[in-house]
Amino acid sequence: MDSPAPLPPPPSLAQLLDSGPTALFLDFDGTLVDIAPRPGDIHVPGQLRARLHDLRDRLEGRLALVSGRALDDLRNHLGDIAICRAGSHGASRFLADGSRLGTEPRGLSPDSVAELRAFAEEHGLFYETKAHGGALHFRGNPEKRDATLAFAERFAATRDLCVTSGKGVAELVRPGATKAAAVEAFMRITPFSGAAPVFIGDDVTDEDGFAGAEDFGGFGIAVGERPSARARYRLDSVAAVHNWLEI
C-alpha cells in the first residue's frame, strides 16, 4: 500500500492574516517546546512568554494554548500568562483575563490516584498528578506500552473516564475533555468568533484539535514526522513552529 504523500508547508502567517481574521490554537509539548523524558524536564526559552504575548497582540487576542498539561503545571513553566488557555486536554479553560470559561471539571478521587500511583510504582513508570485527571508515562519504558494502555482502559471503564494515548503516555480524562471541545468553546466567543482557526500540534491528541479547527472553517498543522489523518499542512520541528509564528 502506498504511503500518503507528505504534507506541504503552510502559507506564511502573514499571508493568512492578510486573507482575514485568523485564530491560532497552539499545543505546548512538542510544538512550542521540545519533548523531554519527563514533563518537568522540558526547556522553556526565556523569552517565550513575552513572545507569545506579542503574538497575542498581533492576533488581536485570538490566541489560545491548548495543552494536555494541567494549567497549574503550564504556569510553572511559563509564569502568569495573559493568554486564553485550556489545560488537561481542553477540560479546564480560562480567558486571557484569568476568568474561567465554562465549569470546572472534577478531579480523580484519592482512591483512584492511589491505584494509579501503585501501578506506576510496580511497573517503573512515572505518574503525573493532574488537577482533572492523571497520566501514566512510559516514555522511559516503551516495552510497558501495551500493559499500561490495557490497564488504563480497564481502569477508565469502571470510573466514567476516557483514555487518551499520546507519545509515551496514557492519560485518564473525563468524557468530553478533548482539544476539539476547547476549540469550539473559544470559537463561540469574542474575539475568536468569525475568525479562521488554525490548530498546531504534534501528537495523536492534537488530531481532535485539527478536527475542531476544520469544523469552524480552518485547518490543522502537524508538527514533526508522525503521520496525521486530519492536518492540512506540516512543520518539521519546534524550531520550525517558532519560525512560522515569528516568535
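Residues: numbered from 1 along the sequence shown. Scope of the values below: all heavy atoms of this structure, side chains included, with no hydrogens, waters or symmetry mates.
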Passes side-chain contact (heavy atoms from CB on, under 4.5 Å), Arg56 versus Ile81? Steps please. CA-CA 11 Å; Arg56 172 207 61 197; Ile81 51 173; over 6 Å; no
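- Cluster membership check: Phe210 does not share its hydrophobic cluster with Val198, using side-chain heavy-atom separations under 4.5 Å among Ile, Leu, Val, Met, Phe, Trp and Tyr.
- Between atom SG of residue Cys84 and atom CZ of residue Phe94 there is a gap of 11.5 Å, rounded to the nearest 0.5 Å.
- Across all their heavy atoms, Arg58 and Leu13 have their closest contact at NH1-CD2, 3.7 Å.
- When Arg85, His77, Arg75 are each tested for a side chain to side chain contact (heavy atoms under 4.5 Å, CB included) with Arg69, only one passes: His77.
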Check the pair Glu184, Phe216 against side-chain contact (heavy atoms from CB on, under 4.5 Å), reporting the backbone distance first and the verdict last. CA-CA 8 Å; Glu184 178 179 3; Phe216 285 86; 3.9 Å; yes
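- Asn243 contributes atom CG, which lies 11.0 Å from atom CG of Asp236 (distance to the nearest 0.5 angstrom).
- Looking at heavy atoms from C-beta onward, Arg234 lies out of side-chain contact with Pro6 at the 4.5 angstrom threshold.
- The same ILVMFWY cluster, assembled from side-chain heavy atoms under 4.5 Å apart, contains both Ile200 and Leu48.
- Considering CD of Glu171 and CG of Leu161, their distance stands at 12.0 Å, rounded to 0.5 Å.
- Of the possible polar contacts, none joining the Ser237 side chain to the Leu235 backbone as a donor-acceptor pair under 3.5 Å is found.
- Taking each heavy atom of Pro197 and Ala213 in turn, the nearest pair found is CG-O, 3.4 Å.
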Phe25 and Phe192: CA distance, side-chain angles, deciding distance, ring-ring contact (aromatic ring centres under 6.0 Å, His included) verdict: CA-CA 10 Å; Phe25 296 89; Phe192 295 88; 5.5 Å; yes
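- Listed for the Thr158 side chain is a donor-acceptor partner under 3.5 Å among the backbone atoms of Phe155.
- A side-chain donor-acceptor contact under 3.5 Å links Ser19 to the backbone of Leu16.
- Hydrophobic clustering of Ile, Leu, Val, Met, Phe, Trp and Tyr side chains at less than 4.5 Å, counting indirect connections, keeps Ile42 apart from Val169.
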Just do the side chain to side chain donor-acceptor pair (under 3.5 Å) check on Asp111 and Ser109 with the steps written out, would you? CA-CA 5 Å; Asp111 288 346; Ser109 70; 5.4 Å; no
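- Minimum interatomic distance between Arg62 and Pro191 (heavy atoms only, all atoms of both residues): CD-O, 3.1 Å.
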For the pair Leu59 and Leu17, evaluate side-chain contact (heavy atoms from CB on, under 4.5 Å) and give the outcome as yes or no after the intermediate values. CA-CA 8 Å; Leu59 294 166; Leu17 295 178; 3.6 Å; yes
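- No side-chain heavy atom of His123 sits under 4.5 Å from any side-chain heavy atom of Leu136.
- Leu116 is not listed as a side-chain neighbour of Val113, based on a closest heavy-atom distance of 4.5 Å or more.
- Under a 3.5 Å cut-off, the side chain of Asp203 and the backbone N or O of Thr205 do not form any donor-acceptor pair.
- Looking at Val223 and Asp206, their side chains never come closer than 4.5 Å, going by heavy atoms from C-beta outward.
- Residues Leu26 and Leu95 do not share a hydrophobic cluster, clusters being chains of Ile/Leu/Val/Met/Phe/Trp/Tyr side chains in contact below 4.5 Å.
- The CG atom of Asp41 lies 13.0 Å from the CG atom of Asp34; values are rounded to the nearest 0.5 Å.
- Across all non-hydrogen atoms, the minimal contact from Leu52 to Ile83 is CB-CD1, 3.6 Å.
- Contact detail for Ala152 and Leu172: the closest heavy-atom pair is O-CD1, 3.7 Å.
- A salt bridge between Glu121 and Arg117 is absent, with no side-chain N of the basic residue lying under 4.0 Å from a carboxylate O of the acidic one.
- In this structure, CG in Leu32 is found 5.0 Å from NE2 in His242, a value given to the nearest 0.5 Å.
- Counting heavy-atom neighbours within 6.0 Å of Asp80 CG, excluding the residue itself, gives a total of 12 or less.
- Salt bridge Glu207/Arg226: present, at least one basic N to carboxylate O contact under 4.0 Å.
- Lys179 contributes atom NZ, which lies 3.5 Å from atom CG of Asp27 (distance to the nearest 0.5 angstrom).
- The neighbour count for Glu143 CD, taken as heavy atoms of other residues, nucleotides or ligands under 6.0 Å away, is above 12.
- The shortest heavy-atom contact between Arg232 and Gly218 is NH2-O, 3.6 Å.
- When the side chains of ILVMFWY residues are joined at heavy-atom separations under 4.5 Å, either directly or via intervening members, Val173 and Phe126 end up in two distinct hydrophobic clusters.
- Taking a cutoff of 4.0 Å between a charged side-chain nitrogen and a carboxylate oxygen, Asp54 and Arg51 do not qualify as a salt bridge.
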Please evaluate residues Lys144 and Leu125 with respect to the criterion side-chain contact (heavy atoms from CB on, under 4.5 Å), reporting the C-alpha separation (whole Å), side-chain torsions for both, the decisive distance (0.1 Å), and the verdict. CA-CA 8 Å; Lys144 301 286 187 177; Leu125 310 179; 3.9 Å; yes
